[in-house]
Amino acid sequence: MAEKITPRSTNYSDWYIDIVTQAKLADYSPVKGSMVIRPRGYALWEKIQGTLDKMFKDTGHTNAYFPLLIPESFLHKEAEHVEGFAPELAVVTHGGGAKLDEPLVIRPTSETIIWSMYKKWIQSYRDLPLLINQWANVVRWEKRTRLFLRTTEFLWQEGHTAHGSSEEAVEETLRMLEVYRTFAEEYMAMPVLTGVKSESEKFAGAVNTYAIEALMQDKRALQAGTSHFLGQNFAKAFDVTFQTKDGTLDHVWATSWGVSTRLIGALIMAHSDDNGLVLPPKLAPTQAVIVPIFKTQNKAEVLTYADGIYQALRQELGTDFNRVVLDDDDSNSPGWKFAEWEMVGVPVRIELGPRDMENQKAVLVRRDTREKEIVEVSQVPKRVRELLEDIQTNLYNRALEFRKANTFEANSYEEFREFFAGDGGGGFVLAPWSGDAKAEARVKEETKATIRVLPFGNEEKAQGRTCIFTGEPAKFMAIFAKAY
RNA sequence: CGGGAUGUAGCGCAGUGGCUAGCGCGCCUCGUUCGGGACGAGGAGGCCGCGGGUUCGACUCCCGCCAUCCCGACCA
């Protein structure tokens with residue numbers, strides 16, 4: 001008997017950890033708060049990377065790589081930036097056996113090193129826009145960590161762009177937010193809310209932070225991606241100027257945007273169940289697995305039959321390594337394999353036994369609903385493809401339904417508190433808010449709920465309404481949630 | 001940084017001031033099985049977290065340390 005996953009309803013946190021470890025996505029490393037991303041987890045990251053990278057290239061960005069180590073003084077150049085990151089910096093003080101003249105910080109993000117270089121590369125409006133992305137690791141010394149969601153070291157991409165005007169930079173910020181939204185919804189099958197962050201939640205050094213926010217199955221929100229309009233803050237801190245068409249000198253306008261391996265955590269918490277991981281087909285490294293069912297006497301025949309279907313499926317779905325898997329290992333029983341492949345989240349399973357062989361059929365099982373169906377062998381490739389598409393949309397719709405069922409509007413603070421009361425409380429709660437940061441802090445203190453985003457167009461909707469926290473006229477309709 | 005818990009075989013755990021430290025799962029070999037986590041037989045695998053103390057004798061009692069996990073305040 002293999003180990004079982006803690007049921008989601010028993011302990012959500014244990015359930016999550018069980019999925020990560022038992023689906024072999026990651027393992028704890030010897031260093032507190034850091035993890036090893038195992039092949040199955042990394043394959044997922046590679047799918048995410050591959051898709052996003054293409055989307056970045058399609059919007060005009062190129063990749064580069066900036067170094068891990070940053071002179072400590074660089075961090076100090078932008079006041080809010082250093083204040084925001086100081087508590088979570090890892091600092092290198094020695095190198096080559098000697099104490100360094102100036103300590104080096106391990107990047108918590110790369111704005112400073114990048115802008116120090118942009119200063120050298122940008123002189124004229126002809127050098128703009130400069131649109132660079134990098135895939136990298138970063139280190140943030142977190143007090144409390146959680147596999148994939150928050151680890152000391154994590155992988156991400158960070159885009160850093162420079163523009164000749166504020167409007168253009170804002171446009172870029174929103175364009176990349178939209179890229180993230182598209183990716184989350186169309187590939188991860190995870191509906192997200194978009195909007196701007198409140199002052200207290202924005203990135204250290206940004207003028208505005210925009211985010212995509214998703215609702216997890218435990219009714220808590222997860223920030224899945226951010227896009228920042230940095231104004232001229234970094235350009236001024238690093239003195240990055242350019243000559244305009246009419247010969248004047250101006251500081252450039254900046255953006256930065258990123259998503260991280262946290263997306264894997266989001267993926268798990270958005271779709272998975274008590275049988276293990278559930279992956280959207282578009283991101284599943286393995287889309288289909290064939291489990292042949294044979295006895296020693298008929299092993300050869302069944303495997304021949306299975307191989308025919310395997311080849312046909314490879315033709316249909318692609319020949320990438322492990323895209324389709326034929327599990328002909330005879331050291332485990334079919335039942336064991338069913339459970340195992342469900343654990344790792346393969347979207348479609350094809351069961352092939354002597355009975356199917358005799359009737360020229362195949363049993364197809366979809367991971368999202370675990371429904372079985374029997375089809376003609378010739379129909380397998382076509383039907384599997386249909387199922388993959390259907391699973392992709394079903395996962396999205398299911399997540400969207402869940403979000404709808406857990407999105408509320410509060411007309412009074414009493415009502416607001418009710419939504420977040422108790423262990424089962426949560427979800428997205430829309431409420432009119434005056435914009436007062438002290439009220440925001442008090443609400444967090446009292447309910448644990450924070451403002452996730454101020455949705456686009458919310459200011460018009462807030463017109464004429466009263467802030468439920470202060471009684472003042474509302475400026476915004478804010479989305480609150482308990483967050484990861 | 002506070003609170004809680006745990007360190008014994010790869011994983012999950014049990015254990016007694018004493019003699020050869022156990023159980024389940026996993027692993028290896030052989031055989032029988034194989035349509036929802038099969039079964040039998042045999043086998044490999046241990047600085048009982050680290051350091052000190054008490055004792056004739058410590059995995060066990062005492063002190064200290066370290067580490068990890070979980071829960072809260074800070075954060076993609």
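The sequence lines fix the lettering, A, B, ..., with proteins before strands; numbering per chain opens at 1.
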Visitor: Within the 4.0 Å heavy-atom criterion, would you say A/Y28 contacts the bases, only the backbone, or no part of the nucleic acid?
Guide: sugar-phosphate
Visitor: I'd like to know if A/K299 and A/D330 make a salt bridge, using a cut-off of under 4.0 Å between side-chain N and carboxylate O.
Guide: yes
Visitor: Using the C1' atom in both, what is the distance from B/rC59 to B/rC47, to the nearest Å?
Guide: 12 Å
Visitor: Rounding to an integer number of angstrom, what distance separates B/rU55 and B/rA67 when you compare their C1' atoms?
Guide: 29 Å
Visitor: Could you check whether A/Q223 gets within reach of a base, just the sugar-phosphate, or nothing at all, counting any heavy atom under 4.0 Å?
Guide: sugar-phosphate
Visitor: If you look at every strand shown and take non-hydrogen atoms under 4.0 Å, does A/T151 touch a base, only sugar-phosphate, or nothing?
Guide: base
Visitor: So what does A/V363 hit on the nucleic acid, given a heavy-atom distance under 4.0 Å: a base, only sugar-phosphate, or nothing?
Guide: base
Visitor: Could you tell me whether A/G353 contacts a base, only the sugar-phosphate backbone, or nothing, with contacts defined as non-hydrogen atoms closer than 4.0 Å?
Guide: base
Visitor: Rounded to whole angstrom, note down the C1' distance from B/rC71 over to B/rC56.
Guide: 46 Å
Visitor: Heavy atoms under 4.0 Å, any strand shown: does A/K448 hit a base, just sugar-phosphate, or nothing?
Guide: sugar-phosphate
Visitor: Of the nucleotides B/rG35, B/rA76, B/rA38, which one has an atom closest to the side chain of A/I293?
Guide: B/rG35
Visitor: Have a look at A/D14 and say if it touches a base, only the backbone sugar-phosphate, or nothing, with a 4.0 Å heavy-atom cut-off.
Guide: nothing
Visitor: Base, sugar-phosphate alone, or nothing: which one does A/I17 contact when heavy atoms must sit under 4.0 Å apart?
Guide: sugar-phosphate
Visitor: Counting the atoms with a prime plus P, OP1 and OP2 as sugar-phosphate, which does A/T296 contact under 4.0 Å by heavy atoms, base, sugar-phosphate, or nothing?
Guide: base
Visitor: Hey, does A/H163 have a side-chain heavy atom less than 4.5 Å from the side chain of A/E171?
Guide: no
Visitor: Salt bridge or not for A/E373 and A/R383, using N-O below 4.0 Å?
Guide: yes
Visitor: Roughly how many Å apart are B/rG18 and B/rC28, using the P atom of each and rounding to a whole number?
Guide: 37 Å
Visitor: With rounding to the closest Å, how many angstrom separate the C1' atoms on B/rG2 and B/rC74?
Guide: 13 Å
Visitor: Has A/R220 got its NZ or CZ under 6.0 Å from the middle of the six-membered ring of A/Y16, at an angle within 45 degrees of the ring axis?
Guide: no
